[in-house]
Amino acid sequence: MAMSALQAVRSRAGAAPVELGIVLGSGLGHLAASVDGVAIPYGELPGFPRAAVSGHDPHLVIGMLEGRRVAVFGGRAHYYEAGDPAAMRMPIGLLQALGAGRLVLTNAAGSLRPDMAPGELMLLTDHINFSGRNPLIGEATDARFVNMVDAYDPAMRRALREAAAAEEIELREGVYAWYSGPSFETPAEIRALRVLGADAVGMSTVPEVILARFFGLRVAAVSTITNMAAGMSDEILSHDHTKAMAPLGAAKLERILRRFLRDDIGA
Ligand code: HPA
């Protein structure tokens, strides 16, 4: 399976190694259109997830962005789609096979901090796996015992902070909690997560970070805050609301990512 997706990509996009992968979250798909390269529908990549969530564009785009050869995933598979926490194993394994040493994940998230508002961006420093699920359950080798200290690569985080500063965009930092979804959290769960030390909550990213570390990729992640978490404001949470609010942060995030690619991706 892995070989055939790899062959499919190489026959369409050439064999030149990819430097970095980028996964685009809800409402953040715009960047894929800026890549000078080829867009391959997930359906043409054997073993790829169907990634059928509205607001995601299920294409893998391989080509040049700001002078670097990148692989941009226009959609991700979420645990809540089919109950498989390893749904992104194949795409992330493919990234490694394409030669990428780094992965940047983006997502839409709810804020748990009264001082972090919709439209703001948060660089992940760490995470809490509130779902209890793990994509490496069933992996039979000792490689499953992945060290998660500094899972969010310090050098990539520094480079992203510097890119944000150069663009004069505020980049908050905090801990992301993975909630399985697809229902939103209850207000009591949000109060619990705040006590536990989370700053933002969302339904993705954590399994991908675990998989990326398993494959030896260095990883960084940025949330665009689309709402205050359940019970923290009068907003009614919905997926339409998430998609409507994601563009607030998306333009800023795109500027940061372009600067990061241009200047320094964290040596
Ligand atoms: N909870 C979970 N996932 C989310 C949220 C939220 O409040 N906002 C965007 N994705």
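Read the numbers this way: they start at 1 and go in the same order the structure lists the ligands and their atoms. Residues: numbered from 1 along the sequence shown.
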Provide, to 0.1 Å, the distance between [atom] and the closest protein heavy atom, together with that atom's residue and name.
atom	value
atom 4 (C) of ligand 1	Val201 O, 3.9 Å
atom 5 (C) of ligand 1	Gly110 N, 3.5 Å
atom 10 (N) of ligand 1	Ala108 O, 3.3 Å

Applying a 4.0 Å heavy-atom criterion (strictly less than), which segment of [X] is in contact with ligand 1: side chain, backbone, both, or neither?
X	value
Ala109	backbone
Phe184	side chain
Thr226	side chain

**Message:** Restricting to non-hydrogen atoms, name the atom on Met228 and the atom on Ala117 that form the minimum distance, rounded to 0.1 Å.
**Reply:**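 For Met228 versus Ala117, the nearest heavy atoms are SD-CA, 4.2 Å.
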**Prompt:** Do you reckon Val219 sits in the same ILVMFWY cluster as Val175, going by side-chain contacts under 4.5 Å, direct or chained?
**Reply:**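 Per the 4.5 Å side-chain linkage, Val219 and Val175 are not co-clustered.
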**Item:** Common cluster, Met232/Leu248, ILVMFWY with side-chain heavy-atom separation under 4.5 Å
**Value:**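 No, no single cluster joins them.
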**Shortest heavy-atom approach to atom 8 (N) of ligand 1 - which of Leu193, Leu237, Asn227, Thr224** =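 Of the listed residues, Asn227 has the closest heavy atom.
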**Prompt:** Can you list the ligand 1 atoms lying under 4.0 Å from a non-hydrogen atom of Glu185?
**Reply:**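 Listed by number with element, the hits are 1 (N), 2 (C), 6 (C), 7 (O).
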**Request:** Using a strict 4.0 Å cut-off to heavy atoms of Gly202, name the atoms of ligand 1 that fall inside it.
**Result:**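 Those atoms are 2 (C), 3 (N).
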**Distance-only polar pair, side chains of Asn129 and Ser131, donor-acceptor under 3.5 Å** =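 Yes, because at least one side-chain N or O of Asn129 sits under 3.5 Å from a partner of the opposite role on Ser131.
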**Prompt:** Going by the salt bridge (charged side-chain N to carboxylate O under 4.0 Å, His left out) test, which pairs reach into residues 162-173, not counting sequence neighbours?
**Reply:**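 Listed once each, the pairs are Asp115-Arg172, Glu120-Arg172, Arg158-Glu162, Arg161-Glu173, Glu167-Arg255, Glu167-Arg259, Glu167-Arg262.
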**Item:** Passing option when His127 is tested against Tyr176, Tyr179, Tyr152 for ring-ring contact (aromatic ring centres under 6.0 Å, His included)
**Value:**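 Among Tyr176, Tyr179, Tyr152, the one that satisfies the ring-ring contact (aromatic ring centres under 6.0 Å, His included) with His127 is Tyr152.
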**Item:** Cationic N near anionic O, under 4.0 Å, Glu19 to Arg102
**Value:**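 Looking at Arg102 together with Glu19, the answer is no, because their closest N to O distance does not fall below 4.0 Å.
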